[in-house]
> 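Handing you this structure, nothing more for now.
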Amino acid sequence: MAKNLLIVESPAKAKTIEGYLGKDFMVKSSYGHIRDLVKTDDAIDVLNNFTQKYEVPADKKAVVSELKKLAKEADVVWLASDEDREGEAISWHLFETLGLKEDKTKRIVFHEITKPAILRAIDNPRKIDYNLVNAQQARRVLDRLVGFELSPVLWKKVKPSLSAGRVQSVAVRLIVEREREINKFKTTAAYKVVAIFSTGKQKELFRADLSERFDTEAEATEFLQACKNAAYKIESLETRPAKRSPAPPFTTSTLQQEASRKLGFSVSRTMTVAQKLYESGKITYMRTDSVNLSETALDAASNEINKAYGNQYHQLRKFKTKSAGAQEAHEAIRPTYFDQHSIEGDNSEKRLYELIWKRAIASQMSEARFEKTTAKIGISTRAEQFIANGEVMKFDGFLKVYIESTDEDQDVNLDDESGNAILPPLSKGQDLKAQEITATERFSRPPARYTEASLVKKLEELGIGRPSTYAPTISTVQNRGYVVKEDREGKSRTYCVFSLKNGEINKDTKTEITGAEKAKLFPTDIGAVVNDFLIQYFKGIVDYHFTANVEKEFDEIAHGLKEWTEMLKSFYSPFHQEVENTIQTAEKARGERDLGIDPASGKKVSVRIGRFGPFVQIGEADDEEKPRYASLRSGQMIETISLEDALELFNLPKKVGAFEDKDMTVAIGRFGPYIRHNSAFYSLPKDVDPHSVTEEQAIEIIKNKRIKDAEKLIKTFDEDPAVKVLNGRWGPYIEYGKQNVKIPKGKEAKDLTFEEVKALAEAAEKEPKKKGGRFAKKKG
DNA sequence: CAGTGAGCGAGCTTCCGCTTGACTT
């Protein structure tokens with residue numbers, strides 16, 4: 001039996017460390033926290049110094065009983081959870097739950113999983129830091145109090161099953177407020193002028209931008225007129241060195257951002273793939289806020305750079321974290337072995353690994369050096385100048401392996417073509433010819449909608465959330481129906497281009513698509529209503545700085561400067577009072593908005609949230625004639641829908657013809673337009689306008705749907721035609737009434753008899769639905 | 001899913017932060 005039991009949080013980490021230590025050590029994992037507050041409302045006794053009731057959740061019982069047994073047999077138990085607030089609390093919970101003895105327990109910490117770091121830690125054990133534990137308890141209790149007192153207020157005043165919390169409610173607020181900024185944004189147009197100059201020599205053409213823009217068409221054309229007979233001359237020429245340095249190695253948040261931009265991964269996909277890489281020993285821990293690399297890693301990176309690129313490419317760098325809330329219990333995310341430039345695995349694993357490898361290697365490489373040239377070109381007839389920028393790379397440095405992208409790279413930005421071109425040899429005073437000068441109408445752009453990754457970036461800047469919660473938070477706000485991730489089609493708009501060529505000015509009108517969005521976060525009506533409600537009644541909680549402020553107090557607790565129960569008391573009593581007041585005084589929030597009067601009937605038109613989502617109502621409940629209702633379509637919101645668009649929703653359902661002796665009607669449901677035929681539903685393809693569907697189109701759509709359904713169908717039964725055996729995404733299944741039943745292995749779907757199908761369905765109904773893990777998806 | 005939108009009311013929902021597999025129509 002091992003004399004020493006060492007407990008870490010992650011099983012993959014346990015395996016690695018066991019390899020570093022001798023057979024005297026058994027290394028086990030707690031799988032994160034082993035206890036949590038009970039799920040009920042009596043988890044915290046607020047009248048009695050916030051005394052907490054903890055329990056070991058069902059899925060942790062086995063871990064705890066195994067650890068308990070091993071701890072009893074060991075001479076010394078080493079608590080080696082992470083060195084941060086949560087890690088310290090895990091050690092304390094282990095100490096309490098496993099019934100450890102003070103004199104047989106040692107607390108150790110390390111920030112990197114390397115042999116010297118582990119051995120050093122074992123040589124320097126300490127005691128559990130109860131100040132840090134108290135800071136964690138304050139954090140945990142505050143989050144529970146906020147979440148479990150606010151959410152029920154929403155159930156009463158808005159809608160059941162909603163939720164609010166310190167983190168999620170701010171995430172929703174960011175998205176709601178960004179959407180409103182976009183809605184109220186006023187686009188302005190200006191003319192941007194670009195010239196193509198030639199030196200006179202063959203093929204020596206380059207581009208230069210005018211230093212100013214023109215607000216009106218008249219000013220732009222006046223400028224081009226003046227250019228007709230102008231002479232151009234280089235008035236100044238400046239060349240200066242420039243350099244660019246590599247970014248630090250990845251943290252969770254920067255990995256999520258870069259994987260989103262470069263690989264198109266969602267935040268959760270990045271984490272799933274990274275988890276696989278971590279478990280197979282290819283990268284270090286993937287939930288980290290640290291940009292630090294271990295000495296071992298710095299050496300390995302240095303060796304690899306010298307070997308692969310030469311030592312002029314190596315530059316030792318130590319990065320400091322910029323994010324305020326960082327706890328830095330781990331290293332930055334880096335490859336375990338720098339000499340592995342790529343790995344075996346599936347495609348996404350390979351790509352993510354390469355991204356991590358490149359970023360980590362580049363962070364230890366020398367800067368890239370450039371020579372930047374700026375030429376200012378005078379116009380004989382005008383005061384403005386054209387400016388040409390050129391850039392020549394003198395030494396590639398870290399750019400040999402890695403170019404960091406930015407959010408702006410994703411947007412199509414026609415204004416941003418300037419910069420890095422190569423200029424021909426130029427000299428001061430040189431005369432130039434203008435081949436072509438164009439003045440193009442360009443529009444100002446509203447702030448960008450959040451992507452999952454840019455929301456994570458913003459949350460991290462505000463110090464809200466932790467590496468382990470960024471991905472789950474994004475799921476939560478979507479599962480609650482506060483936010484949707486969607487593509488939206490853009491609108492086309494026209495713009496003018498004036499060009500001066502061969503002494504003539506031509507006007508051209510072009511069209512472009514604007515406002516198209518891909519995988520962006522949009523608020524829903526319920527998200528907006530909940531947000532406004534929280535801002536009205538709980539301004540302090542949804543304040544962008546609330547987390548940062550309480551974090552300061554948690555830090556004081558951690559340093560022994562503040563009593564954790566005192567901190568909670570001064571927070572809780574005014575907060576609880578607000579909760580009580582709100583329950584007493586607040587009206588039910590339905591997000592109602594009046595749109596005006598329906599010209600056809602003279603009745604009031606309003607929009608609000610109902611049981612089935614947002615809808616328009618014409619007329620009022622106490623009118624003699626009943627009000628008429630229609631659901632809003634996806635993409636329409638209460639706060640932005642126009643009277644015209646709202647009335648348009650009532651032009652349907654509409655008969656479009658008949659097929660097989662039954663009428664076909666087109667209508668718009670919550671999930672978009674559809675055709676109803678013989679009590680069946682057929683969704684309209686996205687490119688078909690529901691208001692102008694023809695009979696032929698409708699028949700075509702119905703036929704296509706039937707063909708697709710027939711392809712899925714394996715068999716039906718004479719005994720009950722509603723029962724079907726179908727081919728699904730994960731193999732064959734039975735559709736029996738409202739439930740779908742999986743077909744057990746070893747059964748051929750096409751050989752099933754009706755009796756067998758019935759038996760399977762009934763067995764499935766009796767069997768209580770297996771619950772997934774603690775993280776199984778819940779229905780939204 | 002989609003057509004609806006009254007009202008009653010039992011019983012339920014909910015937080016953030018550590019961790020992995022189990023699970024999916």
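Computed from a predicted structure; not experimentally measured. In what follows, chains are A, B, ... by sequence order, proteins preceding strands, each numbered from 1.
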> Taking OP1 and OP2 of dG17(B), is either one under 4.0 Å from a side-chain nitrogen or oxygen of Thr469(A)?
yes

> When the distance from NZ of Lys276(A) to P of dT20(B) is rounded to whole Å, what number comes out?
15 Å

> Please report the distance, rounded to the nearest Å, between CG in Asp41(A) and C1' in dC12(B).
12 Å

> 5'-most contact on DNA chain B: Ala164(A) or Asp84(A), nearest heavy atom basis?
Ala164(A)

> Give a yes or no on whether a donor-acceptor pair under 3.5 Å exists between the nucleobase atoms of dC15(B), that is its base, and the side chain of Arg140(A).
yes

> Can you find an N or O donor on one side and an acceptor on the other, under 3.5 Å apart, linking the side chain of Ser631(A) with the base of dG5(B)?
yes

> Among the candidates dT20(B), dC15(B), dG17(B), find the nucleotide nearest to the side-chain atoms of Arg144(A).
dC15(B)

> How is Glu279(A) classified with respect to the nucleic acid when contacts are heavy atoms under 4.0 Å: base, sugar-phosphate, or nothing?
sugar-phosphate

> Whether Gln168(A) contacts dC15(B) is assessed here as follows: a side-chain N or O lying under 4.0 Å from the phosphate OP1 or OP2. Is that the case?
yes

> Are the charged groups of Asp598(A) and Lys604(A) less than 4.0 angstrom apart, N to O?
no

> May I ask whether Tyr31(A) stacks on the base of dC18(B), given the cut-offs of 5.5 Å between ring centres and 30° between planes?
no

> Assess whether a salt bridge exists between Glu55(A) and Lys60(A), defined as any Lys/Arg side-chain N lying under 4.0 Å from an Asp/Glu carboxylate O.
no

> Do Ser161(A) side-chain and dT13(B) base share a donor-acceptor contact under 3.5 Å?
yes

> Taking the side chain from Thr547(A) and the backbone from Gly463(A), do they hold a donor-acceptor pair closer than 3.5 Å?
no

> Nearest to the side chain of Lys60(A) - dT13(B), dT14(B), dC18(B)?
dC18(B)

> From the list dG5(B), dG17(B), dC18(B), which nucleotide is the closest neighbour of the side chain of Val167(A)?
dG17(B)

> With a 3.5 Å cut-off and no angle check, do the side chains of Glu88(A) and Gln136(A) form a donor-acceptor pair?
no

> Using atom CZ of Arg628(A) as one end and atom P of dG3(B) as the other, report the distance to the nearest whole Å.
15 Å

> Is there ring stacking between Tyr674(A) and dA2(B), where the centres must be under 5.5 angstrom apart and the planes under 30 degrees?
no

> Applying a 4.0 Å non-hydrogen cut-off, can you work out what Gly87(A) is touching in the nucleic acid: base, sugar-phosphate, or nothing?
nothing

> Round to the nearest Å and state the distance from Leu37(A) atom CG to dC15(B) atom C1'.
10 Å

> Answer yes or no: does a side-chain N or O of Ser163(A) lie under 4.0 Å from OP1 or OP2 of dC15(B)?
yes

> Here's a test of your reading of the structure: between Pro11(A) and Leu145(A), which maps to the more 5' nucleotide of DNA chain B?
Leu145(A)

> State whether Ser468(A) places a side-chain N or O below 4.0 Å from either non-bridging phosphate oxygen (OP1 or OP2) of dC18(B).
yes

> Leu67(A) CG to dT19(B) C1': how many Å, rounded?
13 Å

> Flag as yes if Phe148(A) stacks onto the base of dT14(B) (centroids under 5.5 Å, planes under 30°), otherwise no.
yes

> Determine the contact category for Thr476(A): base if any of its heavy atoms lies under 4.0 Å from a base atom, sugar-phosphate if only primed atoms, P, OP1 or OP2 are that close, otherwise nothing.
sugar-phosphate

> Between Arg466(A) and dC16(B), is there a contact of a side-chain N or O with OP1 or OP2 at under 4.0 Å?
no

> Does this structure show an ion pair linking Lys13(A) with Asp82(A), if we count only N-O contacts that are shorter than 4.0 Å?
yes

> If you measure from the C1' atom in dG9(B) to the same atom in dT13(B), how many Å do you get, rounded?
16 Å

> Do the side-chain N and O atoms of Ser290(A) and Glu331(A) include a donor-acceptor pair separated by under 3.5 angstrom?
no

> Figure out the CG/P separation between Leu154(A) and dC12(B), and round it to whole Å.
20 Å

> Is it the case that the base of dC16(B) and the side chain of Arg139(A) share a donor-acceptor contact (distance under 3.5 Å, atom types as modelled)?
yes

> Measuring to OP1 and OP2 of dC18(B), would you say a side-chain N or O of Arg287(A) lies under 4.0 angstrom away?
no

> Heavy atoms under 4.0 Å, any strand shown: does Gly32(A) hit a base, just sugar-phosphate, or nothing?
base

> Report which part of the nucleic acid Tyr682(A) touches: base, sugar-phosphate, or nothing (heavy-atom distance under 4.0 Å, all strands).
nothing

> To the nearest angstrom, how far is Trp155(A) atom CH2 from dG9(B) atom C1'?
16 Å

> Under 6.0 Å between ring centres: does that hold for Tyr278(A) and Tyr285(A)?
yes

> Rounding to an integer number of Å, can you tell me how far Ile583(A) CD1 sits from dT14(B) C1'?
14 Å

